[in-house]
K.L.:
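First, the structure itself, so that you have it in front of you.
If you're wondering where the values come from, they're calculated on a predicted model, not measured in any experiment.
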2 protein chains.
Amino acid sequence: MSEKNEMLDDLDRSLLELLVRDARTSLKDLAAQVGLSSPSVSERLRRLEERGVIRAFTVEIDPLALGYTLQAIVRIKPLPGKLHIVQKLIEEIAEFGECDKVTGDDCFIARLFVRSIGDLDGILDRIADKAETSTAIIKAQPIRRRPPPLGAQSE
Amino acid sequence: MSEKNEMLDDLDRSLLELLVRDARTSLKDLAAQVGLSSPSVSERLRRLEERGVIRAFTVEIDPLALGYTLQAIVRIKPLPGKLHIVQKLIEEIAEFGECDKVTGDDCFIARLFVRSIGDLDGILDRIADKAETSTAIIKAQPIRRRPPPLGAQSE
DNA sequence: GATGCGCCCTAATATAATTAGGACAATATC
DNA sequence: GATATTGTCCTAATTATATTAGGGCGCATC
């Protein structure tokens with residue numbers, strides 16, 4: 001009846017922390033660092049994945065390397081009745097690298113990767129007749145995507 | 001003199017695509033899928049990392065698994081003269097999972113992971129005397145973080 | 001005080017990564 | 001126009017790692 005099933009212990013949290021830093025750390029090294037054997041670590045990772053705690057092993061790519069020299073945050077307020085169309089459109093445009101549906105006046109807040117101001121204009125044009133948009137160009141990134149604190153668990 | 005050094009070819013892009021999907025794909029499998037030998041793949045990955053194209057191998061963690069049931073997007077406009085203090089403060093608060101410095105009226109746009117509305121309030125309080133903030137609670141995530149299109153390169 | 005469950009271990013086996021050495025084509029050099 | 005040079009790739013041998021198989025131990029349950 002309890003949620004023991006979904007609880008993370010200290011070892012799990014240590015493993016997550018190590019993997020966030022470097023997902024290629026070998027089981028052997030992980031095991032050594034948390035004080036378990038590698039089969040035990042392997043089993044824990046399997047269960048963390050199975051439970052969805054670890055959503056994916058992935059690589060972080062520098063957008064610049066792909067020619068995306070510009071990023072923008074776009075607030076998007078669909079015109080009446082256009083919400084679903086707009087959402088679909090956003091999802092289909094691959095340059096949107098992130099999109100959240102939020103409370104408040106703006107309905108969506110999205111991140112856009114583009115190669116030039118021209119491209120930015122082109123993409124916003126595709127939405128212009130279905131939503132009001134408000135765009136802020138990113139000048140710097142004080143914090144790049146990072147996970148929430150892995151430290152002590154409240155519950 | 002050219003930027004050949006910094007160019008990605010089709011094989012590199014295929015490798016990146018495979019790794020974004022699953023960073024644990026073995027060299028052997030990668031090699032089979034792109035039609036190279038594993039030492040060649042290994043060497044290409046090494047260079048992609050060296051050049052900074054691949055910024056990191058990492059795991060994506062579900063914030064919910066850590067008890068972070070709430071996310072918010074906060075627009076932050078530091079009061080006159082407080083810009084640097086505010087930026088430093090944001091960086092130090094681990095619950096900020098992302099922060100961009102942007103053009104326009106709001107200076108920063110940040111993502112906040114919290115466990116409760118109370119926590120949200122607590123964190124915003126720490127900034128309240130140094131900046132104006134405007135908060136939008138995330139209701140849904142139509143697009144979760146994804147890289148820009150890896151397809152054809154312009155230059 | 002037996003039974004089952006969760007979690008861990010070691011040792012053996014299977015699989016993958018790395019290293020070493022060299023082929024080959026394209027490009028620059030004399 | 002012959003000859004280095006560079007970059008990229010290969011195979012085969014070696015080393016390192018992951019996985020599997022089998023079992024121990026503590027703890028809660030009945």
K.L.:
Please round to the nearest 0.5 Å and tell me the distance separating atom CG of Leu66(A) and atom CZ of Arg13(B).
P.N.:
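Here the interatomic distance stands at 8.0 Å.
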K.L.:
Given the rule that I, L, V, M, F, W and Y join up when any side-chain heavy atoms are under 4.5 Å apart, are Leu64(A) and Ile138(A) in one cluster?
P.N.:
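Looking at the clustering, Ile138(A) is in a separate group from Leu64(A).
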K.L.:
Report, one pair per line, the protein and nucleotides 14-16 of chain C atoms (nitrogen or oxygen only) whose separation is under 3.5 Å.
P.N.:
residue, atom, partner, partner atom, Å
dA16(C), OP2, Lys28(B), NZ, 3.2

K.L.:
Just how far, in rounded Å, is C1' of dT11(D) from CD of Glu43(B)?
P.N.:
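Nearest whole value for this atom pair: 16 Å.
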K.L.:
Ignoring hydrogens and angles, write down the donor-acceptor pairs under 3.5 Å from the side chains of residues 121-136 of chain A, residues two or more places apart or on other chains.
P.N.:
residue, atom, partner, partner atom, Å
Ser134(A), OG, Arg75(A), NH2, 3.4

K.L.:
To the nearest Å, give me how far apart CG (Asp12(B)) and P (dG7(D)) are.
P.N.:
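After rounding, the gap between these two atoms is 15 Å.
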K.L.:
Would you please confirm or rule out a distance under 4.0 Å between OP1 or OP2 of dT8(D) and any side-chain N or O of Arg47(B)?
P.N.:
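True: Arg47(B) side-chain N/O within range (under 4.0 Å) of dT8(D) OP1/OP2.
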K.L.:
From C-beta outward on Ser37(A), which listed nucleotide comes closest to its side chain: dC7(C), dT10(C), dT19(D)?
P.N.:
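Selected nucleotide (nearest to the side chain): dT10(C).
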K.L.:
How close or far is atom P of dT17(D) from atom CD of Gln33(A), stated in whole angstroms?
P.N.:
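After rounding, the gap between these two atoms is 13 Å.
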K.L.:
For the atom pair SG (Cys99(A)) and CD1 (Ile90(A)), what is the distance rounded to the nearest 0.5 Å?
P.N.:
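It is 4.5 Å, given to the nearest 0.5 Å.
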K.L.:
Look at the side-chain N and O atoms of Arg44(A) and state whether any lies under 4.0 Å from the OP1 or OP2 oxygen of dC8(C).
P.N.:
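So the side chain of Arg44(A) is within the cut-off, an N or O lying under 4.0 Å from OP1 or OP2 of dC8(C).
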K.L.:
Can you tell me how far NZ of Lys139(A) sits from CG of Leu70(A), rounded to the nearest 0.5 angstrom?
P.N.:
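Separation between the atoms: 13.0 Å.
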K.L.:
In whole angstrom, give the distance that lies between atom CD of Glu50(B) and atom C1' of dG7(D).
P.N.:
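In whole Å, dG7(D) C1' and Glu50(B) CD are 14 Å from each other.
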K.L.:
Starting at CG of Asp9(B) and ending at P of dC9(D), how long is that distance when rounded to a whole Å?
P.N.:
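Spelled out: CG on Asp9(B) to P on dC9(D) is 7 Å.
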K.L.:
Select one nucleotide: of dT19(C), dC9(D), dT20(D), the one nearest the side-chain heavy atoms of Pro39(A).
P.N.:
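Nearest to the side chain of Pro39(A) among the choices is dT20(D).
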K.L.:
In whole angstroms, how far is the C1' atom of dG6(C) from the CG atom of Leu11(A)?
P.N.:
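Atom-to-atom, Leu11(A) to dG6(C), this comes out as 14 Å.
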K.L.:
Between dT19(D) atom P and Leu30(A) atom CG, what is the distance in whole Å?
P.N.:
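Result: 12 Å.
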K.L.:
Could you give the distance from CD (Glu17(B)) to CG (Leu150(B)), rounded to the nearest 0.5 Å?
P.N.:
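Spacing of CD (Glu17(B)) from CG (Leu150(B)) equals 5.0 Å.
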K.L.:
Given dC7(C), dC9(D), dT18(C), identify the nucleotide with an atom nearest to the side chain of Ser42(B).
P.N.:
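It is dT18(C).
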K.L.:
Among Val102(A), Asp100(A), Val86(A), Val74(A), exactly one meets side-chain contact (heavy atoms from CB on, under 4.5 Å) together with Phe108(A). Which residue is that?
P.N.:
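Single side-chain contact (heavy atoms from CB on, under 4.5 Å) partner of Phe108(A) among Val102(A), Asp100(A), Val86(A), Val74(A): Val86(A).
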K.L.:
Can you tell me the distance, in whole Å, between the CZ atom of Phe57(B) and the C1' atom of dA17(C)?
P.N.:
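One finds 13 Å between C1' of dA17(C) and CZ of Phe57(B), rounded.
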